[in-house]
Amino acid sequence: MKNDCVFCAIAEAEIPSFKVYEDELVLAYLDINPFTKGHTLVIPKVHSTGLLDTSDETLAAVLARVKKIAAHLKKALPCDGFNILQNNGAAAGQTVMHLHFHIVPRYGQEEITFVSHTGDMKALKALAEQLRF
Ligand code: AMP
Ligand code: ZN
């Protein structure tokens with residue numbers, strides 16, 4: 001398998017996928033461990049690891065495809081909405097190190113949540129000052 005990347009292998013049809021959409025730049029296929037019915041992954045065919053090592057041009061083009069595919073899924077499934085997820089790094093839950101966007105159709109019943117906590121306004125102010133650029 002080229003560069004040991006399972007998504008490159010899918011892009012080159014070396015291993016099978018449940019393909020939903022393909023064009024010259026991207027491939028979209030069903031996630032084999034779906035959060036919900038219709039959970040789809042969108043990848044660029046050219047390998048990059050994540051958001052930060054992908055060119056702005058490629059990112060813009062891939063995101064336009066994510067929009068197009070999400071619009072199609074929203075019509076084709078009886079879902080009420082969808083989440084776009086894109087994990088960067090193992091600490092963020094990335095398990096396949098080839099850039100991919102998750103489109104997760106939502107039907108209103110699922111429990112998929114990030115847990116938030118009430119922010120400390122003083123700490124937020126200081127953090128924004130530290131981070132602002
Ligand atoms: P992430 O945690 O963002 O790296 O997501 C990787 C996703 O790829 C997971 O949701 C896996 O279920 C999915 N996945 C891994 N291998 C395959 C495969 N061969 N075909 C489709 N989806 C896959
Ligand atoms: Zn790859």
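Start at 1 and go down the list; that is how both ligands and their atoms are numbered. Because only heavy atoms are used, hydrogens play no part in the values below, and waters and symmetry mates are left out as well, while side chains stay in.
Shortest non-hydrogen contact noted between Thr36 and Pro105 is OG1-O, 2.6 Å. Residue Gly38 comes nearest to Leu73 through the heavy atom pair O-CD1, 3.9 Å, listed as atom of the first residue, atom of the second, then distance.
Two residues are said to be in side-chain contact when any heavy atoms from C-beta on lie closer than 4.5 Å; Pro44 and Leu99 meet this criterion.
Annotation: ligand 1 has protein neighbours Phe7, Ile10, Tyr29, Leu30, Asp31, Ile32, Asn33, Leu41, Asn87, Gly93, Gln94, Thr95, Val96, His100, His102, each with a heavy atom less than 4.0 angstrom from the ligand.
Results of the side-chain contact (heavy atoms from CB on, under 4.5 Å) test with Phe101 over Ile43, Leu41, Leu59 single out Leu59 as the only residue that passes. Each of His47, Glu14, Lys45 was scored for a side-chain contact (heavy atoms from CB on, under 4.5 Å) with Cys8, with one residue passing: His47.
Clustering ILVMFWY residues whenever any of their side-chain heavy atoms sit less than 4.5 angstrom apart, transitively, puts Ile103 in a cluster other than the one holding Phe35.
In this structure, His102 has its ring center under 6.0 Å from that of His100.
Less than 2.8 Å away from the Zn ion (ligand 2), the protein contributes these N/O/S atoms: Cys5 SG, Cys8 SG, His47 ND1, His98 ND1.
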Show me, pair by pair, the donor-acceptor contacts under 3.5 angstrom made by side chains of residues 126-133, not counting sequence neighbours?
from   : atom 1 : to     : atom 2 : distance (Å)
Glu129 : OE2    : Lys125 : NZ     : 3.2

Show me the donor-acceptor pairs, under 3.5 Å and distance only, between side chains in residues 85-97 and residues at least two apart or in other chains.
from  : atom 1 : to    : atom 2 : distance (Å)
Gln86 : OE1    : Asn88 : ND2    : 2.8
Gln86 : NE2    : Asn88 : OD1    : 3.4
Asn88 : OD1    : Leu51 : N      : 2.8
Asn88 : ND2    : Gln86 : O      : 3.4
Gln94 : OE1    : Gly89 : N      : 2.7
Gln94 : NE2    : Thr49 : O      : 2.9
Gln94 : NE2    : Val96 : O      : 3.0

